[in-house]
Peer 1: 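Here's a structure for you.
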Amino acid sequence: MNSILFMAQLDVQTWTYILVGITFTLYIGIAIWSRAGSTKEFYVAGGGVSPLANGMATAADWMSAASFISMAGIISFAGYDGAVYLMGWTGGYVLLALLLAPYLRKFGKFTVPDFIGDRYYSKTARIVAVFCALLVSFTYVAGQMRGVGIVFSRFLEVDINTGVIIGMLIVLFYAVLGGMKGITYTQVAQYCVLIFAFMVPAIFISIQMTGNPIPQLGFGSELNDGSGIYLLDKLDGLSTELGFAEYTEGSKSMIDVFAITLALMVGTAGLPHVIVRFFTVKRVKDARKSAGIALLLIVILYTTAPAVAVFARTNMIETVSNQPYANVPEWFKKWETTELIKFEDKNNDGLISYVADEVKNELTVDRDIMVLANPEIAKLPNWVIALVAAGGLAAALSTAAGLLLVISSSVSHDLIKKIIKPSISEKGELIAARLSAVGAVCVAGYFGINPPGFVAAVVALAFGLAAASFFPAIILGIFYKRMNKEGAIAGMVVGIVSMLLYMMKYKLGWFDAELPDKSEWWFGISPEGFGTIAMILNFMVSIIIMKFTKAPPQEVQHIVEDIRIPSGAKEASLH
Amino acid sequence: MNANAKAYWRDNIKYVLILLSIWFIVSYGAGILFKEQLNAIKIGGFKLGFWFAQQGAMYVFVILIFVYVRLMNKLDKKYGYDE
């Protein structure tokens, strides 16, 4: 009895230290137990990971701090438009499972540039692929390290830079020591932590608001207050009352929603740190199955996020809109000190007026606190609030580690072993791999501490870059035997260059005095959605150039025939 | 490529095309292009187009991959590529 009382009295901070301490000890223990002894273990975990473990690791690798913390908040403010992320970041797995994973596993090498280099029998193709892989992974990881820093600083009450450094040291420890093997098994643990941490508050709040314990059904149910009104109808009403677009309608144009969703899907399927996970399983059939398991595990969180978005938005509007500022609840004050909630009483009436009209609006709410503050808004127990911290950290660390591995293998394997010094010994390559992991962590950490202004803008575009470069080259390499190096290289170059130029012009505004207006976008497609156009350009250029150049050599055509047959997949090999 | 491998590949492509058509219909069709029309139908508190975009499409994605896994495992057996 005493211990129960004691547990109930612990404050959020103590709970956070306890839960974060336990989970970190677990991760480090796993890393020591599963450290890599060979390059094969370092790059692809020895190639013997079970489909379930690989599915869990892929899911944790995939779901970053952005998925865990920001996504529900973004949907909360975007309403229907949030579907671009939901469908975009899940639908890509269908493409992966049906079009890429089985064949790349059969091909049986270590990295994406390995495939491009061998399939297109060309050093140039390999170098272009290494360049694209590094560009995509670095833009992505810089944002992740910042995320790690923010999560650490918010929950452990240190400043962001200290947070980034703590995060760097931990990732360094298990990525350098364990390589892919260490990362895979820590990610399995991290998946369990993050999904538990996401679901518990969502279930609590769903029961509170609608009486339905399943959040996916809860947000389509009637409210619990006996009014018989559906939650979504209520939220639509509240939104229009305050001058926002109806929640279930959204405000982006249809063509842009279409283009962004497609760019994110194809980009997901083209991201090197996702693809490389399918090199770690034993057989081709395991690659297919583990893509299915990964998506199932991801969808558990992704279908809950829109429910959390609806609960949080309704709760927030009801709690603060038109309420006297003097009476706001404690969590409001607490988040105000972090400046994630700001209130400015423009008309001096003492009431919080939250409306779409920017001139009259008095409240700004950072989208990130929708998930972070949600348990407090719903008055959940302290351990649940602390659990969210442990979950956010698990999400951020697992993704950062996966990306760092891709960067280090691009350098040690694709650059050093395959291009600069092919005579390097196995032992030398393993040392090079570890050193490049250290280098990559330092660079990522630098960007985490000194984020260049454009990092945040560019992270979302990592998908566009992956869609514009790798996806067409890999698809054509598998499904079009006649595709040759000239076509593939020209396609990748045109794809990535057009994506970069569009981004510089319409996202960063580097070519004009000020950022061009939306009305100047090509076909009304935003920079986030331009990956779709760049991908189409890549396909077209590849095929046209291929028509005028000679067919690939006979042995390459045999490779293509061979990867189409699932049996006889050798373990991933160096040669 | 021998005849067996060619036939296997043809069947595989057929499955992939069918499954990807469903993939396209539930996400781009129901969730985006025909969202307005479907929103006229309500199931519980959900407008149908909205539901597809934020829930339904994702469930179908998962089912599609597992259907593909089953179909391909059968196909592997049929053509003797199972291991």
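Just the heavy atoms: all of them, side chains too, but no hydrogens, waters or symmetry mates, feed the values below. The chains referred to below are lettered A, B, ... by the order of the sequence lines, with proteins before strands, and numbering in each begins at 1. Fair warning: this is a prediction, and the values are worked out from it, not measured in the lab.
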Peer 1: Does A:Gly79 offer a backbone N or O that forms a donor-acceptor pair with the side chain of B:Gln54 under 3.5 Å?
Peer 2: yes
Peer 1: Report yes if the side chains of A:Lys289 and B:Met72 come closer than 4.5 Å at any heavy-atom pair, otherwise no.
Peer 2: no
Peer 1: Starting at CE of A:Met87, measure out to CZ of B:Phe52 and round the result to the nearest 0.5 Å.
Peer 2: 11.0 Å
Peer 1: Between B:Asp76 and A:Arg288, is there a side-chain N and carboxylate O pair less than 4.0 Å apart?
Peer 2: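 A:Arg288 and B:Asp76: salt-bridged.
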Peer 1: Let me see the working for B:Trp51 and A:Tyr80 under ring pair (Phe, Tyr, Trp, His ring centres under 6.0 Å), right down to the final yes or no.
Peer 2: CA-CA 9 Å; B:Trp51 182 81; A:Tyr80 163 80; over 10 Å; no
Peer 1: What option among A:Gly220, A:Ala83, A:Gly250, A:Ala305 has the most heavy-atom pairs under 4.5 Å with chain B?
Peer 2: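 Winner by heavy-atom pair count: A:Gly220.
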Peer 1: Top residue by heavy-atom pair count (under 4.5 Å) with chain B, among A:Val299, A:Leu295, A:Thr248?
Peer 2: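 Top option by heavy-atom pairs under 4.5 Å: A:Thr248.
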Peer 1: Checking heavy atoms, do the side chain of B:Ile63, its backbone, both or neither come under 4.5 Å from chain A?
Peer 2: neither
Peer 1: Give, as side chain, backbone, both or neither, the part of A:Leu98 having an atom under 4.5 angstrom from any heavy atom of chain B.
Peer 2: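 Both backbone and side chain.
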Peer 1: Taking every non-hydrogen pair under 4.5 Å, which of B:Gly31, B:Gly44, B:Ser27 racks up the most with chain A?
Peer 2: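 Of the options given, most contacts go to B:Gly44.
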Peer 1: Please classify the contact of A:Ile229 with chain B as side chain, backbone, both or neither, using a heavy-atom distance under 4.5 Å.
Peer 2: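 Contact with chain B: none, neither part.
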Peer 1: Is the gap between the ring centers of B:Trp9 and A:Tyr103 under 6.0 Å?
Peer 2: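 Yes.
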Peer 1: Please classify the contact of A:Tyr93 with chain B as side chain, backbone, both or neither, using a heavy-atom distance under 4.5 Å.
Peer 2: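 A:Tyr93 touches chain B through backbone and side-chain heavy atoms alike.
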Peer 1: So does A:Glu249 pair up with B:Lys47, basic N to acidic O under 4.0 Å?
Peer 2: yes
Peer 1: Any sub-3.5 Å donor-acceptor pair from B:Trp23's side-chain atoms to A:Val94's backbone N or O?
Peer 2: no
Peer 1: Does B:Phe66, at its CZ atom, have more than 12 non-hydrogen atoms belonging to other residues, nucleotides or ligands within less than 6.0 Å?
Peer 2: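 Counting neighbours around CZ of B:Phe66, more than 12 heavy atoms of other residues, nucleotides or ligands fall under 6.0 Å, so yes.
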Peer 1: Give, for atom OH of B:Tyr59 and atom CG of A:Leu296, the distance between the pair rounded to the nearest 0.5 Å.
Peer 2: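 If we round to the nearest 0.5 Å, B:Tyr59:OH and A:Leu296:CG are 11.0 Å apart.
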Peer 1: Where on A:Val257 is there a heavy atom nearer than 4.5 Å to chain B: the side chain, the backbone, both, or neither?
Peer 2: both
Peer 1: For each of A:Tyr302, A:Phe479, A:Phe219, tally heavy-atom pairs with chain B at distances under 4.5 Å, and name the one with the top tally.
Peer 2: A:Phe219
Peer 1: Is the count of non-hydrogen atoms from other residues, nucleotides or ligands lying under 6.0 Å from A:Arg482 atom CZ greater than 12?
Peer 2: yes
Peer 1: Hey, what's the ring geometry for B:Tyr28 with A:Phe258, parallel, tilted or perpendicular (30° and 60° as the breaks)?
Peer 2: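 Because their plane-to-plane angle lies in the 30° to 60° range, the rings of B:Tyr28 and A:Phe258 count as tilted.
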Peer 1: Select one option (side chain, backbone, both, neither) describing which atoms of A:Asp286 are under 4.5 Å from chain B's heavy atoms.
Peer 2: neither
Peer 1: Using the rule given for ring pair (Phe, Tyr, Trp, His ring centres under 6.0 Å), can you reason through B:Phe46 versus A:Tyr230, listing the C-alpha separation, both sets of side-chain angles and the distance that settles it, and then say yes or no?
Peer 2: CA-CA 9 Å; B:Phe46 291 116; A:Tyr230 283 115; 8.9 Å; no
Peer 1: How about B:Leu20 and A:Leu95: do any of their side-chain heavy atoms sit closer than 4.5 Å?
Peer 2: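 Touching, per the 4.5 Å side-chain cut-off.
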Peer 1: Flag the pair B:Gln55 / A:Leu217 as yes when at least one side-chain heavy-atom distance between them is below 4.5 Å, and no otherwise.
Peer 2: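 No. Closest side-chain heavy atoms not under 4.5 Å.
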Peer 1: Could you check if a side-chain atom of B:Tyr81 sits within less than 4.5 angstrom of a side-chain atom of A:Val284, using non-hydrogen atoms only?
Peer 2: no
Peer 1: Of the backbone (N, CA, C, O) and the side chain (C-beta and beyond), which part of B:Ala57 lies under 4.5 Å from a heavy atom of chain A, both, or neither?
Peer 2: side chain
Peer 1: Between B:Phe61 and A:Met265, is there a side-chain heavy-atom distance shorter than 4.5 Å?
Peer 2: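 Yes, side chains in contact.
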Peer 1: Please look at A:Leu99 and chain B and tell me whether the side chain, the backbone, both or neither of the residue comes under 4.5 angstrom of a heavy atom of that chain.
Peer 2: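 Answer is side chain: those atoms of A:Leu99 sit under 4.5 Å from chain B.
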Peer 1: Say you draw a straight line from CD1 of B:Ile65 to CD1 of A:Ile293; how long is it, rounded to the nearest 0.5 Å?
Peer 2: 10.5 Å
Peer 1: Would you say OH of B:Tyr68 has more than 12 non-hydrogen atoms from neighbouring residues, nucleotides or ligands within 6.0 angstrom?
Peer 2: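 It does: B:Tyr68 OH has more than 12 such atoms within range.
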Peer 1: If you look at every heavy atom in B:Ala53 and A:Leu86, which pair is closest and at what distance?
Peer 2: O-CB, 4.4 Å
